[in-house]
Structure formats: structure tokens, C-alpha cells
Amino acid sequence: AFENHDAPRAVSRWVADGHREAFSRMKMLLLCSLRGSITIWEGEELGLPQVDVPFERLQDPEAIANWPHTLSRDGARTPMPWTSGAPNLGFSSGEPWLPLGEAHADLAVDRQEQSDGSMLNFTRRCLALRNDHPALRFGSMKVLRADDQLLAFERAGDNTRLRCTFNLSDRAASPEPVGRAIVSVGDIDGGLLGPYAAVIEEIP
């Protein structure tokens with residue numbers, strides 16, 4: 001898990017706004033490539049950013065008691081945006097306990113359902129990829145590189161070997177291609193991975 005109800009959303013915590021979309025996709029592909037049971041926090045599949053909840057709307061006792069010295073956990077607990085044009089984005093006909101994010105209307109489920117290239121549909125493809133490849137669901141994992149820019153590991157199982165390479169930085173990286181790409185995300189030019197790009201390759 002990369003996100004949960006007790007921490008700010010990763011897309012707001014780990015990356016600058018200009019790279020948010022690319023990072024969201026890379027992060028989801030990485031999550032679906034890891035060993036073990038994966039957990040997707042509500043709204044992560046939509047790429048939701050953290051909501052800045054004003055003090056008068058806070059519900060989090062820890063944040064209220066320590067205001068303004070700690071960041072509220074409520075910003076990751078805001079209502080799910082279901083319908084972009086509906087009151088409260090389709091979450092409730094009454095006043096929700098926390099405010100909705102200003103950026104969340106454009107990321108609502110109904111809008112993303114209609115776009116094949118949306119974060120929601122990309123998440124579905126990542127989950128389908130994991131289900132289709134036993135090496136990703138049940139296979140072994142061997143870390144090949146892990147530094148401040150690149151993470152590369154091999155997943156193996158069911159007579160299949162997959163090389164998973166992720167650029168965790170905002171600058172281009174140049175890992176060596178090793179096989180046939182079965183999925184990629186972000187800007188890739190030959191063997192060059194752009195900022196927050198990733199590729200999964202099947203190794204012969």
C-alpha cells in the first residue's frame with residue numbers, strides 16, 4: 001500500500017504538481033507489480049490529490065489538538081467524487097462531514113468512465129495485467145537496482161520472467177532494455193525512460 005487514511009495522499013506528498021499524472025500512473029503500475037497482497041486506498045484509482053481542509057471543517061482530533069503544527073489526516077478522507085455535475089459530486093444528498101476537493105470534480109468517476117485514457121481505466125488495466133500474469137501475483141521477486149532514481153526488479157513464476165523498471169525521479173533515466181515490453185507508461189524513447197516512466201518486459 002502507498003496510501004491510507006492516516007497519511008496525506010502520495011500524489012501530493014511525493015511529487016510536484018506538474019508531474020502528478022505521470023507519477024500516479026507509474027505508482028499504480030508499481031503497486032500492481034509488487035509481491036504480496038496490494039491495497040488501493042479509496043480515490044487512489046482516480047489519482048485524487050490531497051484536500052486542504054480548513055480548520056473549521058476538521059474532524060481529526062489529532063489535527064485539531066495540534067493545529068497548525070501537524071498536517072491533518074482529513075485531507076485523505078474526503079468524500080468520493082462519483083458524479084461531476086451532481087450536488088456533493090454524487091456522494092450524498094446531505095452535507096458531508098468533510099469538504100470535497102476543488103480538483104476532484106474533473107476526476108470524478110463518471111468522467112473517467114468515459115475516457116479510455118483515464119487514470120481509472122489505467123488502474124483497471126494494471127489490475128488485469130496482474131491477474132493475467134502469475135509471476136506478478138505469486139512469483140518470486142529479486143531486486144536488481146534500487147537507488148534515488150531507478151527501481152528495477154525481476155518477478156519470476158510459471159515459467160515466466162518479467163523485468164519491472166520504474167523511474168522514480170523527475171529526470172530521464174537510461175536502463176538497458178532486456179526483453180519484449182508488455183506494458184509501459186510515461187515517455188519512453190528507445191531505452192530512455194522519461195520522468196516517472198516505467199516499463200515491464202518479458203525476458204526470454
Side-chain angles (χ1 to χ4, degrees), residues 1-34 38-53 71-78 80-81 84 89 100-109 111-130 136 143-153 163-177 181-201:
F2 293 146
E3 298 190 10
N4 62 67
H5 67 290
D6 279 332
R9 291 191 179 275
V11 294
S12 298
R13 180 165 34 125
W14 290 342
V15 69
D17 288 351
H19 293 293
R20 183 174 289 166
E21 183 173 353
F23 175 80
S24 295
R25 292 168 186 265
M26 181 275 294
K27 178 174 67 69
M28 185 59 69
L29 184 59
L30 171 57
L31 180 65
C32 292
S33 302
L34 293 175
I38 65 172
T39 300
I40 297 174
W41 171 238
E42 181 181 283
E44 190 175 1
E45 75 278 20
L46 303 178
L48 297 185
Q50 182 82 356
V51 177
D52 185 13
V53 179
L71 185 63
S72 168
R73 296 174 295 183
D74 284 339
R77 301 172 175 178
T78 55
M80 183 77 167
S84 59
L89 300 183
L100 294 126
E102 293 183 3
H104 289 190
D106 290 339
L107 300 173
V109 172
R111 287 198 178 183
Q112 296 206 34
E113 285 276 12
Q114 300 172 22
S115 173
D116 184 62
S118 70
M119 180 64 195
L120 175 60
N121 284 314
F122 177 75
T123 298
R124 290 170 173 160
R125 287 193 289 273
C126 288
L127 292 171
L129 178 77
R130 183 177 178 87
L136 294 179
V143 177
L144 306 173
R145 177 174 172 181
D147 54 40
D148 64 349
Q149 183 176 29
L150 275 178
L151 173 63
F153 52 84
R163 172 75 62 86
C164 307
T165 307
F166 301 87
N167 184 356
L168 306 177
S169 75
D170 60 1
R171 60 191 189 280
S174 54
E176 181 180 351
I182 61 172
V183 64
S184 64
V185 62
D187 295 327
I188 299 179
D189 184 7
L192 193 67
L193 293 182
Y196 304 109
V199 61
I200 297 179
E201 301 162 284

List the atom pairs, with distances to 0.1 Å, where a side-chain N or O of residues 165-172 and a protein N or O form a donor-acceptor pair under 3.5 Å, not counting sequence neighbours.
| residue | atom | partner | partner atom | Å |
| --- | --- | --- | --- | --- |
| Asn167 | OD1 | Ser169 | N | 3.0 |
| Asn167 | OD1 | Ser169 | OG | 2.8 |
| Asn167 | ND2 | Arg171 | O | 2.8 |
| Asn167 | ND2 | Leu193 | O | 3.3 |
| Asn167 | ND2 | Gly194 | O | 2.8 |
| Ser169 | OG | Gln149 | NE2 | 3.3 |
| Ser169 | OG | Arg171 | N | 3.3 |
| Ser169 | OG | Arg171 | O | 3.0 |

Do the non-hydrogen side-chain atoms of [X] and [Y] ever get within less than 4.5 Å of each other?
X	Y	value
His104	Thr78	yes
Ile188	Leu192	no
Leu129	Ile182	yes
Phe122	Asp116	no
Arg145	Leu151	no

Applying side chain to side chain donor-acceptor pair (under 3.5 Å), name anything that partners Asp148, two or more places apart in sequence or on another chain. none
List the residues meeting side chain to side chain donor-acceptor pair (under 3.5 Å) with Arg111, not counting sequence neighbours, and say none if there are none. Ser84, Asp106
Please walk me through it: do Leu29 and Ile200 pass side chain to side chain contact (heavy atoms under 4.5 Å, CB included)? CA-CA 9 Å; Leu29 184 59; Ile200 297 179; 3.8 Å; yes
Locate the shortest heavy-atom distance separating Ile40 from Met28; write the atom from each residue and the value. CD1-SD, 3.9 Å
Taking every non-hydrogen atom, the tightest pair across Ala1 and Leu31: N-CD1, 4.0 Å
Tell me every residue that passes salt bridge (Lys or Arg N to Asp or Glu O under 4.0 Å) with [X], counting only those two or more places apart in sequence or in another chain.
X	answer
Arg25	Glu21
Asp189	none
Arg13	none
Arg163	none

List for me each residue that meets side-chain contact (heavy atoms from CB on, under 4.5 Å) alongside [X], sequence neighbours excluded, and say none if there are none.
X	result
Val109	Leu46, Met80, Trp82, Glu113, Leu120
Asn121	Ser118, Arg124, Arg125
Leu107	Leu48, Pro49, Gln112

My understanding is that only residues two or more places apart in sequence, or in another chain, count here; which of them pass ring pair (Phe, Tyr, Trp, His ring centres under 6.0 Å) with His19? Tyr196
For residues 41-52, the side chain to side chain donor-acceptor pair (under 3.5 Å) pairs (sequence neighbours left out) are Lys27-Glu44
Donor-acceptor contact below 3.5 Å, side chain Arg130 vs main chain Cys32: yes
CG/Asp187: more than 12 non-hydrogen atoms of other groups inside 6.0 Å: no
